[in-house]
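All remarks here apply to the structure that follows.
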Amino acid sequence: MKRSRGFTLIELMITLLLAAIILALGVPGFQDIVRNNRAATQSNELVAALSLARSEAVKRGARVSLCPSTDQATCTGGTNWANGWIVFRDIAANDGAPPVVEAPPIRVWGALGGNAALDGPANVRFRALGDAINPVLPANPFQHRIPGCGAGDGRDITVNAAGRALVTRVDC
């Protein structure tokens with residue numbers, strides 16, 4: 001008599017049970033990783049924009065600003081940056097005047113995905129030496145939050161007077 005090779009039904013059921021247990025333990029941890037990576041990526045996009053504005057100010061020897069924008073051509077005003085922002089050469093008459101966009105903008109960023117919230121000042125401006133005209137202080141930072149975020153998933157972004165950006169992880 002020839003013996004059949006393969007798995008018995010009991011062996012298959014035990015294997016499926018172990019796989020289900022491992023997945024049930026791993027999926028919530030994976031969701032935390034995805035959420036943390038999304039927060040890091042989106043906040044790093046803003047830091048990249050701040051760095052670009054500062055370096056363009058030095059390169060051009062002129063004032064460069066960034067502000068929230070829903071049409072990616074003009075400043076929309078307000079403090080909601082989640083719908084996108086622009087970096088542009090600021091041709092305002094002086095440092096105290098409202099920013100004026102020289103068209104076309106240097107670079108534009110679209111809306112953040114995943115219903116993320118990003119709030120901050122109405123604009124950030126850099127002089128030709130790379131220093132910030134209106135630094136974003138820790139008392140009133142950019143605040144990046146994603147839905148369902150927990151301990152350490154939020155990001156606060158500040159800009160010091162020298163124009164350098166700093167990201168700090170915070171609890172939501």
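The figures that follow rest on heavy atoms only: side chains count, while hydrogens, waters and symmetry mates do not.
Residues A128 and G61 approach most closely at CB-C, 3.4 Å, considering heavy atoms. Of all heavy-atom pairs between A161 and D131, the closest is O-CB, 3.4 Å. For C75 against V101, the heavy-atom pair with the smallest separation is SG-CG2, 4.1 Å. Considering all non-hydrogen atoms of both residues, D153 and R35 come closest at OD2-NE, 3.6 Å. In plain terms, the two heavy atoms of Q72 and W109 that are nearest each other are NE2-O, 3.2 Å. The shortest heavy-atom contact between A122 and C67 is O-CB, 3.6 Å.
In the hydrophobic cluster analysis, where Ile, Leu, Val, Met, Phe, Trp and Tyr join through side-chain heavy atoms closer than 4.5 angstrom, F88 is grouped apart from V136. Under the 4.5 Å side-chain heavy-atom criterion for grouping Ile, Leu, Val, Met, Phe, Trp and Tyr, L52 is connected to I157 within one hydrophobic cluster. Transitive grouping of hydrophobic side chains (ILVMFWY, heavy atoms separated by less than 4.5 Å) keeps I22 and I14 in distinct clusters. In the hydrophobic cluster analysis, where Ile, Leu, Val, Met, Phe, Trp and Tyr join through side-chain heavy atoms closer than 4.5 angstrom, V170 is grouped apart from V167. V100 is not connected to V108 by any chain of hydrophobic side-chain contacts under 4.5 Å among Ile, Leu, Val, Met, Phe, Trp and Tyr, and they are in different clusters.
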Could you please spell out the steps behind the side chain to side chain contact (heavy atoms under 4.5 Å, CB included) verdict for L166 and N160? CA-CA 8 Å; L166 173 68; N160 66 18; over 6 Å; no

| task | Output, in order, the C-alpha distance, side-chain angles, deciding distance and verdict of side chain to side chain contact (heavy atoms under 4.5 Å, CB included) for Q42 and I146. | result | CA-CA 10 Å; Q42 291 179 347; I146 56 175; 3.9 Å; yes

L66 vs N123, test: side chain to side chain contact (heavy atoms under 4.5 Å, CB included). Steps then yes/no. CA-CA 6 Å; L66 66 158; N123 61 65; over 6 Å; no

### Task
Start with the C-alpha distance between D156 and R145, add both sets of side-chain angles, then the distance that settles salt bridge (Lys or Arg N to Asp or Glu O under 4.0 Å), and finish with yes or no.
CA-CA 9 Å; D156 281 356; R145 306 293 185 266; 3.1 Å; yes

(request) Mind running side chain to side chain contact (heavy atoms under 4.5 Å, CB included) on R89 and E56 for me, showing each step along the way? (result) CA-CA 8 Å; R89 183 166 179 265; E56 285 291 323; over 6 Å; no

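One distance of note links CG of N36 with OG1 of T41; it measures 9.0 Å at 0.5 Å rounding. Between the CG atom in L46 and the CZ atom in R155 there is a gap of 13.0 Å [rounded to 0.5 Å]. To the nearest 0.5 Å, the span separating NE2 on H144 from CZ on R38 amounts to 9.5 Å. Summarising the geometry, atom OG1 belonging to T79 is positioned 9.5 Å from atom CD belonging to Q143; distances are rounded to the nearest 0.5 Å. Rounding to the nearest 0.5 Å gives a distance of 12.0 Å between CZ of F126 and CG of D90. Taken to the nearest 0.5 Å, the CG atom of L18 stands 11.5 Å off from the CE atom of M13.
The shortest side-chain heavy-atom distance between R60 and I106 falls under the 4.5 Å cut-off. Put simply, the side chain of V58 does not reach to within 4.5 Å of the side chain of L129, judged on heavy atoms. Here the side chains of W85 and L118 are in contact, with some heavy-atom distance below 4.5 Å.
Using the six-membered ring where Trp is involved, F142 and W81 have ring planes that are perpendicular, over 60° apart on the 30 and 60° scheme.
Ion pair R125/D95 not flagged as a salt bridge, since none of the NZ, NE, NH1 or NH2 atoms sits closer than 4.0 Å to an Asp/Glu carboxylate oxygen.
Around CG of L25, the count of heavy atoms belonging to other residues, nucleotides or ligands within 6.0 Å exceeds 12.
T76 contributes a side-chain N or O that, together with a main-chain N or O of P68, makes up a donor-acceptor pair within less than 3.5 Å. Not a single donor-acceptor pair under 3.5 Å links the side chain of R107 to the backbone N or O of I86.
Between the side chains of D71 and S69, at least one donor-acceptor pair of N or O atoms lies under 3.5 Å.
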